[in-house]
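First the structure, in the form of structure tokens, and then the observations on it.
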Amino acid sequence: GLGICGYVYKSGLAYATKTLVDNPLTYRDPENHNYLLQVGGSITLPLQAQSRTVGVIHIGLLKGQTIDETESRLLTSIVEIAGSALDRAMVLETLEQRVDERTHELTIANERLKELDRLKSKFVSDVSHELRTPITNLGLYVQLMQRGSAEKQERYLSVLHMQSERLKNLVEDILSLSRLERLKGEMGLTAVNINDIITQVIESRSIQVKVG
């Protein structure tokens, strides 16, 4: 953005000078000191594509050197070709970057889909296991009621009622999963008695232990 090149890039206008070393627009630093001493004038041309400047060509002229009409037409052709080529290169680089970004996004999305598929399979397996237990207990206690003594009928009925409630709760929990999105992560927590849970588990499993 500095010096004659900066001016040409910002303005989009060609700029020529016969005395580069004395020109007020000339950018001076230690690196171009010898260059300024060797040249007389310069021609600086904007590289344009689609009405926008994409670069600059700066040509230093030897002292006393001039540009004739043929050389001027050649420079014009070079500038047009270079501007178009540079623009295509920049567009291609942008497209490649966008393709890389999109490929990365698709890779992440694919990994996420694989993870969701794994979680779905695990969920189906867990649900099947959880449903199998109360269903098995219901069948076992129905058989016990058919073959057991009358004094044990009330206990069997209690266990059957408990297992049917457990089965109903499991089904309701599964249906509640479809509403989790609407809950927005707000989960209601309530206190539970761990002793009651342990007692229910022992009672529901005791008949299987005895049968085994």
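Since this is a predicted model, take the numbers as computed values, not measurements.
Between the side chain of Thr53 and the main chain of Gly55, no donor-acceptor pair closer than 3.5 Å is present. Judged by distance alone, with hydrogens and angles left aside, the side-chain atoms of Ser164 form a donor-acceptor pair with the main-chain N or O of His161 at under 3.5 Å. No donor-acceptor distance shorter than 3.5 angstrom exists from the side chain of Gln143 to the backbone of Leu140, with no hydrogens or angles considered.
When side chains are defined from C-beta on, Ile135 counts as touching Leu167, because their heavy atoms get closer than 4.5 Å. The shortest distance between side-chain heavy atoms of Thr44 and Cys5 falls below 4.5 Å. Contact check for Leu45 versus Val8: no side-chain heavy atoms found under the 4.5 Å cut-off. Looking only at side-chain heavy atoms (C-beta outward), Tyr7 and Leu2 stay at 4.5 Å or farther from each other. Annotation: side chain of Thr103 is in contact with side chain of Val99 (closest heavy-atom distance under 4.5 Å). Looking at heavy atoms from C-beta onward, Asp87 lies in side-chain contact with Gln50 at the 4.5 angstrom threshold. A 4.5 Å side-chain heavy-atom check between Ile57 and Ile78 finds at least one atom pair inside the cut-off.
Cluster annotation: Val79 and Ile43 are assigned to the same hydrophobic cluster (Ile/Leu/Val/Met/Phe/Trp/Tyr, side-chain heavy-atom contacts under 4.5 Å, transitive). Tyr9 and Ile59 are assigned to two separate hydrophobic clusters, defined by single-linkage of ILVMFWY side chains at heavy-atom distances under 4.5 Å. When hydrophobic clusters are built by joining Ile, Leu, Val, Met, Phe, Trp and Tyr residues whose side-chain heavy atoms come closer than 4.5 Å, directly or via intermediates, Tyr35 is not grouped with Leu61. The cluster map of Ile, Leu, Val, Met, Phe, Trp and Tyr, joined by side-chain heavy atoms under 4.5 Å apart, puts Leu47 and Ile81 in different clusters.
In this structure Asp126 satisfies the side chain to side chain donor-acceptor pair (under 3.5 Å) test together with Lys122, sequence neighbours excluded. Residues meeting the side chain to side chain donor-acceptor pair (under 3.5 Å) test with Glu69, sequence neighbours left out: Arg73. Here Asn23 pairs with Tyr15, Thr17 under the side chain to side chain donor-acceptor pair (under 3.5 Å) rule; sequence neighbours left out.
If you run side-chain contact (heavy atoms from CB on, under 4.5 Å) between Leu92 and each of Arg88, Glu96, Met90, only Glu96 comes through.
For the pair Gly12 and Pro46, the tightest heavy-atom approach, listed with the atom from each and the gap, is O-CG, 3.4 Å. When all heavy atoms of Gly83 and Ala49 are compared, the closest pair comes out as O-CB, 3.8 Å. Across all their heavy atoms, Thr26 and Leu36 have their closest contact at CG2-CD2, 3.7 Å.
Rounding to the nearest 0.5 Å gives a distance of 10.5 Å between NE2 of His104 and CG of Asp100. Note that CG of Leu157 and CE of Met162 are 12.5 Å apart. Values are rounded to the nearest 0.5 Å. A distance of 12.0 Å separates CG of Leu106 from CD of Glu111, quoted to the nearest 0.5 Å. Remark: Ser84 OG to Gln48 CD distance equals 10.5 Å, nearest 0.5 Å. Note that the CD1 atom of Ile194 and the OG1 atom of Thr199 stand 10.0 Å from one another [nearest 0.5 Å]. Considering CZ of Arg166 and CG of Asn169, their distance stands at 10.0 Å, rounded to 0.5 Å.
Crowding of Glu154 atom CD: a count of heavy atoms from other residues, nucleotides or ligands under 6.0 Å not exceeding 12.
Asp117 and Lys114 are not joined by a salt bridge, as no carboxylate oxygen comes within less than 4.0 angstrom of a charged side-chain nitrogen. In summary, Arg112 and Glu115 do not engage in a salt bridge, as defined by a charged side-chain N under 4.0 Å from a carboxylate O. Looking at Arg98 and Glu101, no side-chain N of the basic residue comes within less than 4.0 Å of a carboxylate O on the acidic one, giving no salt bridge.
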- Task: Any chance you could lay out the side chain to side chain contact (heavy atoms under 4.5 Å, CB included) test for Leu20 and His58, step after step, and finish with the verdict?
- Result: CA-CA 12 Å; Leu20 183 60; His58 175 79; 4.2 Å; yes
